[in-house]
Asker: 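Okay, here's the structure, questions in a sec.
The first residue in the sequence is number 1, and the count goes up from there.
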Amino acid sequence: MSSQRMQLDIQDNHVVMDNGILQVTLSKPDGIVTSIQYNGIDNLLEVLNDEVNRGYWDLVWSEAGSVGTTGTFDVIKGTEFKVIVESEEQVEVSFTRKWNPSQKGELVPLNIDKRFIMLCNSSGFYSYAIYDHLKEWPPFNLPQTRIVFKLRKEKFQYMAIADNRQRCMPLPDDRLPERSKVLDVPEAVLLVNPIEPEFKGEVDDKYEYSSENQNLQVHGWICMDPPVGFWQITPSDEFRSGGPLKQNLTSHVGPTCLAMFLSAHYSGEDLVLKLKPDEPWKKVFGPVFIYLNSVTSNANDDPSPPLWEDAKHQMMTEVQKWPYDFPASSEFPPSDQRGNVSGRIQVRDSYVSEDCIPGKGAYVGLAPPGDAGSFQRDCKGYQFWTRADEDGYYSIKNIREGQYNLYAWVPGFIGDYRYDAAINITAAGCDIDVGELVYEPPRDGPTLWEIGIPDRSAAEFYVPDPNPNYINKLYVNHPDRFRQYGLWERYADLYPDQDLIYTIGTSDYAKDWFFAQVTRKKDDDTYEGTTWQIKFQLDNVNQSGTFKLQISLATANIAELQIRINDPQADPPLFTTGVIGKDNTILRHGIHGLYWLYSIDIPATLLVEGNNTLFLTQPISNSPLAAFHGIMYDYIRLEGPPSSTSTRGVKPANMAPNTNRISNRGLTMSSQRVQLDIQDNHVVMDNGILQVTLSKPDGIVTRIQYNGIDNLLEVLSDEVDRGYWDLVWSEAGSVGTTGTFDVIKGTEFNVIVEIEEQVEVSFTRKWNPSQKGKLVPLNIDRRFIMLRNSSGFYSYAIYDHLKEWPPFNLPQTRIVFKLRKEKFQYMAIADNRQRYMPLPDDRLQERSKVLDIPEAVLLVNPIEPEFKGEVDDKYEYSSENQNLRVHGWICMDPPVGFWQITPSDEFRSGGPLKQNLTSHVGPYCLAMFLSAHYSGEDLVLKLKPDEPWKKVFGPVFIYLNSVTSNANDDPSPPLWEDAKHQMMTEVQKWPYDFPASSEFPPSDQRGNVSGRIQVRDRYVREDCIPGKGAYVGLAPPGDAGSFQRDCKGYQFWTRADEHGYYSIKNIREGQYNLYAWVPGFIGDYRYDAAINITAAGCDIDVGELVYEPPRDGPTLWEIGIPDRSAAEFYVPDPNPNYINKLYVNHPDRFRQYGLWERYADLYPDQDLIYTIGTSDYAKDWFFAQVTRKKDDDTYEGSTWQIKFQLDNVNQSGTFKLQISLATANIAELQIRINDPQADPPLFTTGVIGKDNTILRHGIHGLYWLYSIDIPATLLVEGNNTLFLTQPISNSPLAAFHGLMYDYIRLEGPPSSTSTRGVKPANMAPNTPLD
């Protein structure tokens, strides 16, 4: 956060935009970015380059009639500079280049207007451009246009494109002739003598880092010292070409960071923009956002994870803000001048299902009018794409004015859909519902056999290991193994003399079908074409019939595919594609390019009963780049004649175990309706994908059958101990967080819904007064739901306590699944929190040593030696509610994932930062609804006499997935990525429309609240400050901050955008208060007026709210960052005898066991002393003020000192000490000034907190804030000392008494204004990362 308003400095040859966070310098009138100053770095761009070669827009163009994808390279330089907007909040500048006929043949005939925008309090800047070609101007070709940034090579050496595509990169010097060897093309070099020896023997090629448009929203570079990220964020694909699967360059050695708008990569000349005579054209490219971030980290910490996570968060913020409301050009329409299109797509394929099949995961888009599939070759217009949900419903928002066709394709089915009616979007805005659309994919008859998965990719086929002399270490054991260099040459290694032969019913396409049909390199270094064979049997051949061969290709490059049946010499062949494709995907390490589909008639007279052979020949091999001629198959299917119906509904030979490969968001499709089998003691729900068995009437999940595994749950456990709801309760008046443990068993079973599409069953347990003291006084109705074509099941429960029933306490309730220990041994909680886990047997007495508490054990003799010396403790895997949407376990053989997905936090307690257990050794998978972990008794639900209470917990979704992978492939990345995608699908569907209980209201019975929050702190800035990233929520009425101790009601939370705007959707009926807090500021906000949400639905705009955080005077000094966490402070390395390998060099290093004891190691005799102006809180402030362990194994309290100087002290004034705590556990904080023995102290909190965060490896618990008056008479001019004492140390768990600070600030008296707007000592360099 900067207090500075926007400034624009117009110089003779440059323009400087400055918002106090960064400075951007552009040449005038060229509009080249010459300097970006940020976070103490004078220029992030390469200062060794000429100014024109640092940050620029460029293009490649050629005369009309030219062929190919090359042309004249042009760095776009403006000839005229204008200021478009100059206000306190925003600057927008323009650099234009106008064309005139005298420039014909010299410049591309375009008017180009490049714009740059900087906003107040924004850590970055935006750029967009308007390209305009008038009708009367000459036609031309435009193969490429983009933005390029070249960063400083000595600083930016770590590149990040995706969660699993990050690495330290070679230097550009390593590509020089004396340090490298050029391979087949100049872009690819072998590093033979790099400056850093670690890169020796690797291949560097920019195309290895390409990405699909749909995944290309943020990428960039990281500087390690100081820790700074440079990110290119593309919040929308509307201005990109070729659709969501089109691949583009990202970042590469330079360090170069690109924003690609138009390119022919992976598509060839088909995606060169070619204007015809008398054809006008105009297009806006962008805006894109150049985002800069930084982090305060310990010297030993790796800053890349938090910088990357923050960049992803900022990307999501930008996506949510699209279309932006601040660009000044009328060519960029705001949201109210755009339209929306929604509907549903289904598939009709009578050979798969008699009924229509929901288009789950369908790609649905609007693009310029054309034939079906033409969008992938369109580059002149705008495109708008989305993915359909599980039921085929989709919504495309914010579509520009214009005429479009609606296009779609459905993973799992071949071909392209186009909606025949044109869709017209008006500038006045419109909402168009096109209703239910049905796609009928190409199909003549039943499937006799198939190879591959119709997903427009060859990734499911066999991708070989690379030649060890040509590797990129990033892609070793990586899901994108196809990105390795030179894989085309491996074909000749595997098939030196004879081409590939594939036998239906015996061969496995994942092992036996090479990913690309390429040429074979011969001994004389020439190449020859190849002929692949598919051998198959037919039992019956009606000689009067016609069979159909469906072949879809994932790419083609100067290739011809010839088809022959049973005669490899037939001339002419049965079918030929002719020469097709110039995608160059093979050379550029892709796995798909443009999509091609061929439906080929095979007369039955060419086939025989018995053995048949299909010959696939690619003969072209005579060009200088013959090594790269070839094709990749997507999918091949042989269909019987239409009259043959015997195979309907039968799984053919070589069909994938699931319809789709998981990593392509596959649809797991079953033609079976949902069936319910009610037995004497069990109930079985079955939708053809999975079977779930529950005990009757108990309602315990005893069996989950899926993907060939008879039971995913632990068969060694009793049925009652496999999958269950449980709770802990105690009598009213009880203290603490424990009580009676109760596995909830129903006494009555009911079928609520039983239709083809859905089953919902109920297991109820009703309370009566005779059970007083024996059972918790609640009526509990647990529900289980299974939907058709859903790879999982849902569960929710209604807890109901009547007014006249006895009061009680409820510390905990949850769902527990215990999985099979011999199968599920890999656990995943987050992108960077995944690992193989010990077995439960490793926690037995003979294999482990119990540490301070039973939950924590040291593994001394585990079954797998790799775990020896590690600590296992379930609390090391806790997570905040806001991040706890999906977690679970993976079985490696067969590759199966078991995931617990929580699509909403509305039924959880304690707000978004409340931490809960996730998964842990067992293998256990939990859905926690209510717990006292990291909060203590404050979050025990306590009902009073005559207090009624009812709450719905859930639904949550138990999702199962599987993947077809090579034996050597790690299935965990695609399973995890798919689970995250499914989580997002569930979030988008919330609130569900299928639960039958009236206690779960659908969307139209819920309300929405929106507004804006700002901060007024006159000692930071005279104007209001936008509440960027504020947490804003609705929770039951109470005092400010009371939400973190609420556990009876529902809560609804969101994050505000960069400008403080927020929207909270789908709020249940009821009365609420609106609560908020803003990172970077202390304290809690509460909107005084109650907010009433009605069952009829409502939309409430509360307008602009202003939070005034506690503040008496100017900041004299501060320690930490007000973010409700102690993570910015010094977290020590663990005792090497007590480690968890997952958290070595991890952003969550605080999760290691026993860190509290490291305090005594670092401060054996004297407590912590911190000197303002000299000490660094990231190195010198221990993360927790704990007790010190003495030599006799007892503990003593600790007193920390803060030493500071004051130049002037007005003895009549009052200073203010603001202290916020991130957690407290049976602790007392005593404050003294300049006298460590003062009795009583100036201030004491009294004994506070039972969060137990320290013991449970957290970094925050409940938040506490204290504003303490310090009379000036206690202070002196010169040196002063603040003493912070935590004295309590006399309980059996004294090691865990203590507190964590969030933030400490000393303010001068209100009359002192000299420090307004001045950065005080020890102020964080930037507002903390969200």
Asker: If you apply the rule side-chain hydrogen bond (donor to acceptor under 3.5 Å, both in side chains), what do you find for Gln166 with His219, and how did you get there?
Answerer: CA-CA 10 Å; Gln166 305 182 19; His219 66 93; over 6 Å; no
Asker: Look at the rings of Trp57 and Tyr131 and say which category their plane angle falls in: under 30° parallel, 30 to 60° tilted, over 60° perpendicular.
Answerer: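 Plane angle between 30° and 60°, so tilted.
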Asker: Please find out if less than 6.0 Å separates the ring center of Tyr1031 from that of Trp1077.
Answerer: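 Here the rings of Trp1077 and Tyr1031 have centres that are less than 6.0 Å from each other.
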Asker: For a quick check under 3.5 Å, do Asn398 and Ser335 share a side-chain donor-acceptor pair by atom type?
Answerer: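 Note: Asn398 and Ser335 side chains meet the donor-acceptor criterion.
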Asker: Side chains of Gln37 and Asp42 only: does a donor on one sit below 3.5 Å from an acceptor on the other?
Answerer: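 No pair is found: no donor N or O on one side chain lies under 3.5 Å from an acceptor on the other.
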Asker: Just by distance, no angles: are the side chains of Trp61 and Gln144 close enough, under 3.5 Å, to form a donor-acceptor pair?
Answerer: no
Asker: Within the 3.5 Å criterion, strictly below it, is a donor on Ser210 or Tyr266 matched to an acceptor on the partner's side chain?
Answerer: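 Indeed, the side chains of Ser210 and Tyr266 share at least one donor-acceptor pair under 3.5 Å.
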Asker: What I want to check is whether the side chains of Lys246 and Ser263 have a donor and an acceptor closer together than 3.5 Å.
Answerer: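 A pair is found: one side chain offers a donor N or O, the other an acceptor, under 3.5 Å apart.
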Asker: Does the plane of the ring in Tyr128 sit parallel, tilted or perpendicular to the ring in Phe332? Use 30° and 60° as the thresholds.
Answerer: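 Rings of Tyr128 and Phe332: tilted, as their planes differ by 30° to 60°.
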Asker: As a quick check of understanding, evaluate side-chain hydrogen bond (donor to acceptor under 3.5 Å, both in side chains) for Asn472 and Glu208, giving each step before the final call.
Answerer: CA-CA 9 Å; Asn472 182 320; Glu208 292 180 318; 2.9 Å; yes
Asker: Among Gln314, Met315, His313, Gln232, whose side-chain contact (heavy atoms from CB on, under 4.5 Å) with Val218 holds?
Answerer: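 Of Gln314, Met315, His313, Gln232, side-chain contact (heavy atoms from CB on, under 4.5 Å) with Val218 is met by Met315 alone.
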Asker: Measure the acute angle between the ring planes of Phe73 and Tyr56, then classify it against the limits of 30° and 60° as parallel, tilted or perpendicular.
Answerer: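 If you compare the ring of Phe73 with that of Tyr56, the planes turn out perpendicular.
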Asker: Can you establish whether the number of heavy atoms outside Lys98 located under 6.0 Å from its atom NZ is more than 12?
Answerer: no
Asker: Anything under 30° is parallel, anything over 60° is perpendicular, the rest tilted; go ahead and classify Tyr324 against Phe326.
Answerer: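 Taking Phe326 first and then Tyr324, their aromatic rings lie parallel (interplane angle under 30°).
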Asker: Checking side-chain contact (heavy atoms from CB on, under 4.5 Å) between Cys120 and each of Arg1021, His1059, Gln7, Glu1058, which is the one that passes?
Answerer: Arg1021
Asker: Assess the side chains of Tyr475 and Arg165: does a donor N or O sit below 3.5 Å from an acceptor N or O?
Answerer: yes
Asker: Flag the pair Phe239 / Phe261 as yes when their ring centroid distance falls below 6.0 Å, and as no otherwise.
Answerer: yes
Asker: Decide whether Asn293 and Asp310 meet the rule of one side-chain donor and one side-chain acceptor closer than 3.5 Å.
Answerer: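 Per modelled atom types, Asn293 and Asp310 side chains form a pair under 3.5 Å.
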Asker: Strictly distance-based, threshold 3.5 Å: is any side-chain N or O of Tyr1177 a donor or acceptor partner for the main-chain N or O of Tyr1130?
Answerer: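 Not confirmed, Tyr1177 side chain does not pair with Tyr1130 backbone.
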Asker: Looking at Gln157 and Cys168, would you say the former's side chain and the latter's main chain have a donor-acceptor pair under 3.5 Å?
Answerer: no
Asker: Parallel, tilted or perpendicular: which one describes the rings of Trp231 and Trp308, with boundaries at 30° and 60°?
Answerer: tilted
Asker: Parallel, tilted or perpendicular, judged at 30° and 60°: which one describes the rings of Phe125 and Phe149?
Answerer: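 Answer is perpendicular, since the angle exceeds 60°.
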Asker: Using atom types as modelled and distance alone, determine if a side-chain donor or acceptor of Arg1124 lies under 3.5 Å from a backbone N or O of Pro1079.
Answerer: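 Answer holds: no.
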Asker: Would you tell me whether Tyr1061 and Gln320 have side-chain atoms, one donor and one acceptor, within less than 3.5 Å of each other?
Answerer: no
Asker: Establish, for the pair Lys28 and Phe95, whether the NZ or CZ atom is under 6.0 angstrom from the six-membered ring centre and no further than 45 degrees off its axis.
Answerer: no
Asker: Does Asn19 offer a backbone N or O that forms a donor-acceptor pair with the side chain of Arg5 under 3.5 Å?
Answerer: no
Asker: Step through it carefully: locate the ring centre of Tyr207, locate the ring centre of His265, and say whether they are under 6.0 Å apart.
Answerer: yes
Asker: Are more than 12 heavy atoms, taken from residues, nucleotides or ligands other than Lys77, located less than 6.0 Å from that residue's NZ atom?
Answerer: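 No, not enclosed.
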Asker: Rounded to the nearest 0.5 Å, how far apart are CG of Asp1057 and CD1 of Ile1013?
Answerer: 12.0 Å
Asker: Give the intermediate values and the outcome of side-chain hydrogen bond (donor to acceptor under 3.5 Å, both in side chains) for residues Arg146 and Asn248.
Answerer: CA-CA 11 Å; Arg146 62 185 185 171; Asn248 276 307; over 6 Å; no
